[in-house]
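The structure under discussion appears below in the form of structure tokens.
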Amino acid sequence: MTKRVNWSPLVIILLLAALVATVSQLVVQKADQQPTQLTESSKQQKHYEWRMVTTWPKGLPGLGLAAENFARIVEQSSNGRLKVKVYGAGDLVPALGVFDAVSSGSVEMGHGAAYYWKGKIPASPFFTSVPFGMNAQEMNGWLYYGGGLELYREAYAPFNLMPFPAGNTGVQMAGWFNKEINTIDDIQGTKMRIPGLAGEVWNRAGGVAVNIPGGELYTALQTGVIDATEWVGPYNDLALGFHQVAKYYYYPGWHEPGPTLELLVNKEAFESLPKDLQSIVESAARVVNQDMLDEYTARNNAALKTLISEHGVQLKPLPKDVLQELRKHADAMYSEFAAKDPFFAKVYEHYRRFADQVAQYHDISEQAYYEAN
């Protein structure tokens, strides 16, 4: 039989005191930890409201809607913790003021094309598209897996910017003309809206290159400020009504075979985001990059049929000898610019080496398949 323990009142009091002391110590420790936990939780749940300016008219199919799609994806993916309000060209800053606005931190983000900034970064057109360069598929390979993105960010780092590929139209059209181009002599004196390094090639071929934002092209062509313009392709060109002010529609887009668009993010603003929101921004840009190409692939031919059958547009190929002459000017230009600018030379050599390698396989894959049909 177990002997009953006789607890004295003094022992009971001492035990209760020890229990109270232990519980009190645990409460104090919990209280000491609580502010840190709340601070971390509060930081993770902080909400951000950003502004994005673009070089495109608001709501323009493809180009303009890509920015809207990006903002929607980011807000949904972040459960509303990061909201981006999109402004079209001219709403907050001029179309070609996007780079400076994001660089200075006046706004957090921008959407545009790297070749607009060649006056600041001579090698920047390589990150959009260059004459007789890579197509969309090859550009994505170079940027994501070939080291191109690292060069892209190296180029933009002095300007406090983080660039992300964010859209591609695929091979564009050569443009709209108010006269036929039968020989290289027909280019002489022709004022054409054509940006990037292609504008330099156009000048060397005897034309006059000008850089005008997309929202002003219709009026410029209508009033004779320019004689020709390139923009994108049938899907966009039909929406902007170029068929109403120009008669001839030329292909192929020698000047922009794979134009990558860009998301510009102010570097300090990007680094202020928690890691998960940074990842959402990067992933959303990549989704938009592919989505835009898919959209143009699906829409261009239907729009081209409308231009020809309903509006009487004359579709014409650029003569081979004209393309060969433009190619000669392009090759000479690359060599000259590389000799003057070490970073241009670095990017050009990297770009050219990757393009040569991927072209070898595409000769027996993509090209061979097209020729088999």
| Mind checking whether Arg81 and Gln45 have side chains closer than 4.5 Å, heavy atoms only? | yes
| field | Side chain proximity check, Phe337 to Asp341, heavy atoms < 4.5 angstrom | value | no
ILVMFWY network linking [X] to [Y], side-chain heavy atoms under 4.5 angstrom:
X      : Y      : answer
Val171 : Leu197 : no
Trp56  : Trp50  : no
Val53  : Phe70  : no

| Arg353 and Glu349 ion-paired at < 4.0 Å | yes
| request: For the pair Glu68 and Lys58, find out whether any cationic side-chain nitrogen is under 4.0 Å from an anionic carboxylate oxygen. | output: yes
Between [Y] and [X], do the side chains contain a donor N or O and an acceptor N or O under 3.5 Å apart?
X      : Y      : result
Thr260 : Asn168 : yes
Trp176 : His243 : no
Glu295 : Tyr235 : yes
Trp117 : Glu262 : yes

Does atom [atom1] of [X] have more than 12 heavy-atom neighbours from other groups under 6.0 Å away?
X      : atom1 : value
Lys267 : NZ    : no
Glu49  : CD    : no
Lys179 : NZ    : yes
Asn79  : CG    : no

| query | Checking salt bridge (charged side-chain N to carboxylate O under 4.0 Å, His left out) for the pair Arg286/Glu282: CA distance, chi angles, key distance, verdict? | reply | CA-CA 6 Å; Arg286 191 151 182 172; Glu282 187 165 7; over 6 Å; no
| request: Start with the C-alpha gap between Tyr156 and Phe99, add the side-chain angles, then the distance that decides, and say whether ring-ring contact (aromatic ring centres under 6.0 Å, His included) holds. | output: CA-CA 10 Å; Tyr156 279 46; Phe99 186 99; 5.7 Å; yes
| query | Rounded to the nearest 0.5 Å, what separation is found between the CD atom of Gln357 and the NE2 atom of His362? | reply | 12.5 Å
| query | Only one of Glu325, Glu336, His329 clears side-chain hydrogen bond (donor to acceptor under 3.5 Å, both in side chains) with Arg204; which? | reply | Glu336
| message | side chain to side chain contact (heavy atoms under 4.5 Å, CB included) for Glu154 and Leu151? Distances and angles first, verdict last. | response | CA-CA 5 Å; Glu154 181 182 347; Leu151 286 172; 3.8 Å; yes
| message | Determine whether Tyr116 and Thr128 satisfy the following criterion, side chain to side chain contact (heavy atoms under 4.5 Å, CB included), listing intermediate values before the conclusion. | response | CA-CA 9 Å; Tyr116 289 144; Thr128 301; over 6 Å; no
| query | Has the side chain of Tyr250 got a donor or acceptor atom that lies under 3.5 Å from a matching backbone atom of Ile181? | reply | yes
| task | Decide ring-ring contact (aromatic ring centres under 6.0 Å, His included) for Phe164 and Phe270; before the verdict, give the C-alpha distance in whole Å, the side-chain angles of both, and the deciding distance to 0.1 Å. | result | CA-CA 12 Å; Phe164 298 84; Phe270 184 76; 5.6 Å; yes
| task | Go through Ile280 and Leu82 one step at a time and tell me if the side chain to side chain contact (heavy atoms under 4.5 Å, CB included) criterion holds. | result | CA-CA 9 Å; Ile280 286 173; Leu82 177 55; 5.8 Å; no
